[in-house]
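What you see is a predicted model, and the numbers here were worked out from it, not measured in a lab. Nothing fancy with the numbering, it's 1 onward along the sequence.
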Amino acid sequence: MQQMATGLAVTGCGSAAPETSLDNHGLSQIVDTSDEWIASRTGIRSRHLAGPDDTLAKLGAIAAQNALEMAQVEATDIDLILLATSTPDDLFGSACQIQAAIGAKHAVAFDLTAACSGFVFGMITAAQFIRTGVYRNVLLVGADVLSRWVDWTDRRSCVLFGDGAGAVVLQANDTDRFLGFALHSDGCLHDCLNVQYQGEARPLTGGINVSQGTYQPISMNGKEVYRFAVNRVPEVVEKALFQSDLKTDDIDWLLLHQANQRILDAVAKRLKVPAEKVISNIANYGNTSAATIPLALDATVRKGHIKPGDTIAASGFGAGLSWGAAIFQWQR
């Protein structure tokens, strides 16, 4: 009896972003800000924004199709679709919409919500399904349309966020290219970053009331999030490296959630990773939450910078608060 492969590899990536983009000069017509103020504090120059006819499922499907094409995998061969998102088109989930759009009729699909940590959490979740032999081909999509929940009158937060999607294909492999990981959460810091539900009492009958309302715009304590990220992210990357039996010098690429260029620089400095090994595309996309890591990965792979066998340390961090890291080698 042939032994089933329990290792895994990332074999393809893809991405998508809305056609519409808004640069800092355009944003300065909406709120009291400037290109110099935004760029010097965040590294962001522009961001893509979904229009009224754009959907998260559509962006996710395009990214997924691009990843499948690179991996040379048919949609009908996908066993599982994980959608990491905090902004689904449907509050019940959008993964099944992506499944239908790409024709992955044999795949089970569900959403995973971990905000800006979502892609890394999703990658680690996918790895467990493959390692246990349950599934062989997994499609992981990270997508968010944060413009739906941005307060466009708040110049502290509206300058940060954009919309986009990215995807990777993970497959069972005789050689395990997924080397190690670490995950953490701290609900005590929840108030630092959230999109909070706010409802009002609605009387029904006989003294029975229910709450009905909607979600409020993104609320963030920027100073606390920065402090959290520059302290916790280096720690979690080092934990994942330890589990992988690797050291920082073994990293070919540091791939962090693209929240703020200052955070990327500070984390790299603490880890003593040289700037040329730090992947960054925040200037053109801003913070796209669960999409930032696969968007940046796809751009770097397609430029030919990431080579087969390169070791990548990826780390997501954000609302929850949650943070995690995964160490893997690029397969193709």
Please tell me if the side chains of Lys239 and His184 come closer than 4.5 Å, counting only heavy atoms from C-beta onward.
yes
Okay, side chain of Ser15, backbone of Leu295: is any donor-acceptor separation there less than 3.5 Å?
no
For residues Asp144 and Thr288, report the shortest heavy-atom separation together with the two atoms involved.
CB-O, 3.5 Å
State whether the side chain of Asn66 and the backbone N or O of Ala16 hold a donor-acceptor pair below 3.5 Å, judged by distance alone.
no
For the pair Lys307 (side chain) and Gly304 (backbone), establish whether a donor and an acceptor sit closer than 3.5 Å, ignoring hydrogens and angles.
yes
4.5 Å side-chain heavy-atom contact, Thr42 and Ile282
no
Okay, side chain of Thr33, backbone of Arg155: is any donor-acceptor separation there less than 3.5 Å?
no
Tell me, with the steps shown, if Gln258 and Asn281 meet side-chain contact (heavy atoms from CB on, under 4.5 Å).
CA-CA 7 Å; Gln258 309 284 294; Asn281 69 346; 3.5 Å; yes
Among the clusters formed by ILVMFWY side chains lying less than 4.5 Å apart, do Leu297 and Phe181 turn up in the same one?
yes
Rounded to the nearest 0.5 Å, how far apart are CG of Leu140 and CD1 of Ile78?
11.0 Å
Quick one, Leu82 and Val141 - any side-chain contact, counting heavy atoms below 4.5 Å?
no
Other residues, nucleotides, ligands: >12 heavy atoms within 6.0 Å of Arg177 CZ:
yes
Salt bridge check: are Arg131 and Asp176 linked by an N-O gap of less than 4.0 Å?
yes
Closest approach of Asn231 and Arg227, non-hydrogen atoms and distance?
ND2-O, 2.9 Å
Count the heavy atoms of every other residue, nucleotide or ligand shown that sit under 6.0 Å from CD of Glu276, and state whether that count exceeds 12.
yes
Side-chain (Thr85) to main-chain (Ala143) donor-acceptor, under 3.5 angstrom:
yes
In this structure, would Phe129 and Val169 fall into the same cluster of hydrophobic residues linked by side-chain contacts under 4.5 Å?
no
Same apolar cluster (I L V M F W Y, side chains within < 4.5 Å links), Leu193/Ile44:
yes
Could you tell me whether a side-chain N or O of Asp151 sits under 3.5 Å from a main-chain N or O of Pro217, the two making a donor and an acceptor?
no
Between Asp298 (side chain) and Pro294 (backbone), is there a donor-acceptor pair under 3.5 Å?
no
Rounded at 0.5 Å granularity, tell me how far CG in Leu68 sits from OG1 in Thr76.
9.5 Å
How far apart are the C-alpha atoms of Asn287 and Arg47, what are their side-chain angles, what is the distance that settles it, and do they pass the side-chain hydrogen bond (donor to acceptor under 3.5 Å, both in side chains) test?
CA-CA 8 Å; Asn287 181 346; Arg47 71 283 297 147; over 6 Å; no
Any donor-acceptor N or O pair under 3.5 Å, side chains Thr292, His257
yes
Quick one, Asn221 and Asp191 - any side-chain contact, counting heavy atoms below 4.5 Å?
no
Should we count CZ of Phe110 as having more than 12 external heavy atoms under 6.0 Å?
yes
Is Asn173 close to Phe178 at the side-chain level, that is, under 4.5 Å between some pair of heavy atoms?
no
For a 4.5 angstrom cut-off between non-hydrogen side-chain atoms, does Leu271 reach Ile251?
no
Tell me whether Gln99 contacts the main-chain N or O of Ala104 through its side chain, where contact means a donor paired with an acceptor under 3.5 Å.
yes
Ala229 versus Ile263, closest heavy-atom pair with distance:
CB-CG2, 3.8 Å
Would a hydrophobic clustering, with Ile, Leu, Val, Met, Phe, Trp and Tyr connected at side-chain separations under 4.5 Å, put Ile312 with Phe121?
yes
Dump the intermediate steps for side-chain contact (heavy atoms from CB on, under 4.5 Å) on Leu179 and Leu246, then the final yes or no.
CA-CA 9 Å; Leu179 308 179; Leu246 296 174; 3.8 Å; yes
Assess, by modelled atom type and distance only, whether the side chains of Ser46 and Asn284 contain a donor and an acceptor separated by less than 3.5 Å.
no
Give the intermediate values and the outcome of side-chain contact (heavy atoms from CB on, under 4.5 Å) for residues Val73 and Leu139.
CA-CA 10 Å; Val73 173; Leu139 174 65; over 6 Å; no
Evaluate the ring planes of Tyr215 and Tyr197, with Trp represented by its six-membered ring, and classify them as parallel (under 30°), tilted (30 to 60°) or perpendicular (over 60°).
perpendicular
Donor-acceptor pair between Asp265 and Gln261 side chains, under 3.5 angstrom
yes
Are Val236 and Phe317 close enough, and set up right, to give a side-chain contact (heavy atoms from CB on, under 4.5 Å), and what steps lead you there?
CA-CA 10 Å; Val236 80; Phe317 52 91; over 6 Å; no
Regarding Asp89 and Arg148, does a basic nitrogen lie under 4.0 Å from an acidic carboxylate oxygen?
yes
Of all heavy-atom pairs between Ala326 and Met123, which one has the smallest distance, and what is that distance?
CB-SD, 4.1 Å
When rounded to the nearest 0.5 angstrom, what distance separates CH2 in Trp152 from CG in Leu22?
6.5 Å
Would you say the side chains of Arg41 and Asn260 form a donor-acceptor pair under 3.5 Å?
no
Is it true that Arg45 and Asp35 make a salt bridge, defined as a side-chain N closer than 4.0 Å to a carboxylate O?
yes
Would a 4.5 Å heavy-atom cut-off, applied to side chains only, mark Leu254 and Lys277 as touching?
no
Quick one: does Thr55's side chain have a donor or acceptor within less than 3.5 Å of a partner on Lys58's backbone?
yes
For residues Val195 and Ser86, determine if any side-chain heavy atom of one lies less than 4.5 Å from a side-chain heavy atom of the other.
no
Within a reach of under 6.0 Å around CZ of Arg302, are more than 12 heavy atoms found that belong to other residues, nucleotides or ligands?
yes
Same apolar cluster (I L V M F W Y, side chains within < 4.5 Å links), Val120/Val10
yes
Asp186 side chain vs Leu321 backbone, donor-acceptor pair below 3.5 Å:
no
To check you understand the geometry: which heavy-atom pair defines the closest contact between Gly166 and Ala291, and what is its length?
N-CB, 4.2 Å
Nearest-0.5 Å distance, CD1 of residue Ile102 to CD1 of residue Ile62
12.0 Å
Check whether more than 12 heavy atoms from other residues, nucleotides or ligands sit under 6.0 Å from atom CD of Glu224, and answer yes or no.
yes
Under a 3.5 Å threshold, yes or no: a donor from one side chain and an acceptor from the other, between Thr311 and Asp250?
no
Reported CH2-to-OG1 distance for the pair Trp330 and Thr11, which is rounded to 0.5 angstrom:
7.0 Å
Measuring from Ser34:OG to Asn24:CG, what's the distance to the nearest 0.5 Å?
8.0 Å
Measure across Asp54 and Pro18 and return the closest heavy-atom pair with its distance rounded to 0.1 Å.
OD2-CB, 4.1 Å
I'd like to know whether CD of Glu69 has more than 12 heavy-atom contacts from other residues, nucleotides or ligands below 6.0 angstrom.
no
